[in-house]
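Take a look at the structure below.
Since the structure is predicted, the reported quantities are computational estimates derived from the model, not experimental observations. These numbers come from the heavy atoms of this one structure, side chains and all, not from hydrogens, waters or symmetry mates. Within every chain, numbering begins at 1; the chains are lettered A, B, ... in the order of the sequence lines, protein sequences first and strands thereafter.
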Amino acid sequence: MALHQKDSFFEQVYQLVRQIPEGRVTSYGAIARALGTAGSSRVVGYAMRAANRAYPPIPAHRVVNRVGMLSGKRAFGSSTLMQQLLENEGVAVVDDRVVDFDRVFWDPQRDNVP
DNA sequence: GTGGTGACGTATA
DNA sequence: GTATACGCCACCA
């Protein structure tokens, strides 16, 4: 099979993150779990860090940690860019943290499960 | 081939 | 409730 498209864990993470609806956010653990690698939350975070080099671009700003904190804001180059993107989609962010995280939280499994 | 690292998460003290 | 340690797995040098 053509390995042109790496079906590595990264690609799976990217595709899942791309399915995140606008105005919604999810957590690394949720993604990892949806992929069947619950304990690999770190790998998901690492994938997001490399998301900048992935194409098409990944809405990494919709992925935050378990507490809704913009842990990866530094990867955007500007600590405020991630927040601006989220607010632009209707997600309130205060003190680098998503407001009403539980409300805007999007569970990937929920979308996967019919 | 080996080692180190990491945008996390959970467990234990 | 806070602090610390460990685990987990894939990419990069």
Side-chain angles (χ1 to χ4, degrees):
Chain A
M1 43 227 228
L3 299 179
H4 226 237
Q5 188 77 25
K6 293 170 150 184
D7 30 320
S8 49
F9 193 80
F10 272 41
E11 275 300 323
Q12 296 186 52
V13 174
Y14 296 153
Q15 294 198 20
L16 195 82
V17 174
R18 270 188 257 148
Q19 292 174 63
I20 301 175
E22 191 174 288
R24 296 273 189 261
V25 294
T26 189
S27 62
Y28 306 95
I31 296 170
R33 193 171 307 169
L35 296 178
T37 52
S40 327
S41 50
R42 294 181 99 174
V43 186
V44 176
Y46 194 81
M48 302 266 75
R49 191 191 179 282
N52 285 324
R53 46 187 275 137
Y55 189 84
I58 313 296
H61 59 272
R62 293 179 190 156
V63 184
V64 293
N65 66 0
R66 222 298 270 150
V67 297
M69 189 167 131
L70 285 56
S71 335
K73 62 186 182 186
R74 349 181 187 192
F76 287 79
S78 297
S79 304
T80 54
L81 180 58
M82 188 173 183
Q83 181 174 341
Q84 289 291 285
L85 291 169
L86 287 170
E87 290 186 325
N88 189 24
E89 295 185 352
V91 180
V93 178
V94 176
D95 191 29
D96 297 329
R97 188 153 61 138
V98 177
V99 180
D100 293 329
F101 178 64
D102 295 332
R103 193 171 64 151
V104 296
F105 179 77
W106 179 77
D107 190 343
Q109 275 192 329
R110 190 175 173 195
D111 188 63
N112 263 328
V113 178

Would you mind listing every side chain to side chain donor-acceptor pair (under 3.5 Å) that reaches into residues 70-80 of chain A, with sequence neighbours excluded? N65(A)-S71(A), K73(A)-D96(A)
Across the strands shown, which category fits A47(A) at heavy-atom distances under 4.0 angstrom: base, sugar-phosphate, nothing? nothing
Residues D107(A), R110(A): salt bridge by 4.0 Å N-O rule: no
Residues in salt bridge (charged side-chain N to carboxylate O under 4.0 Å, His left out) contact with R49(A), at least two apart in sequence or another chain: none
Can you list the residues that meet the side chain to side chain donor-acceptor pair (under 3.5 Å) rule with E89(A), with sequence neighbours excluded? H61(A), R62(A)
For E87(A), what residues pass the side-chain contact (heavy atoms from CB on, under 4.5 Å) criterion, not counting sequence neighbours? Q83(A), Q84(A), V93(A)
Chain A vs DNA chain B, heavy-atom contacts under 4.0 Å, first-to-last nucleotide span, 5' to 3', is dG6(B) to dT10(B)
Base-paired stretches in DNA chain B with three or more consecutive Watson-Crick or G-U pairs, both distances under 3.5 Å, amount to B:2-6 with C:9-13, B:8-13 with C:2-7
Measure the distance from OH on Y14(A) to P on dA10(C) and round it to the nearest whole Å. 14 Å
Across all chains, not counting sequence neighbours, the side chain to side chain donor-acceptor pair (under 3.5 Å) partners of T37(A) are none
Could you check whether R66(A) gets within reach of a base, just the sugar-phosphate, or nothing at all, counting any heavy atom under 4.0 Å? sugar-phosphate
For M69(A), the other hydrophobic cluster members (4.5 Å side-chain criterion, sorted by chain and number) are V67(A)
When rounded to whole Å, the CE to C1' distance for the pair M48(A) and dA10(C) reads 14 Å
Can you name the ring pair (Phe, Tyr, Trp, His ring centres under 6.0 Å) partners of F76(A), sequence neighbours left out? none
Set of side-chain contact (heavy atoms from CB on, under 4.5 Å) partners for A92(A), sequence neighbours left out: V99(A)
Short question: side chain of Y14(A), backbone of A47(A) - any donor-acceptor pair under 3.5 Å? yes
C1' atoms of dA3(C) and dA7(B), separation to the nearest Å: 22 Å
Taking atom P of dA10(C) as reference, at what distance in whole Å does atom CD1 of I31(A) sit? 16 Å
Distances for protein N/O vs nucleotides 4-6 of chain C N/O pairs under 3.5 angstrom?
none

Once you apply a heavy-atom cut-off of 4.0 Å, does S41(A) come out as touching a base, just sugar-phosphate, or nothing? base
Sorted by chain and number, sequence neighbours left out, side chain to side chain donor-acceptor pair (under 3.5 Å) with N88(A) holds for none
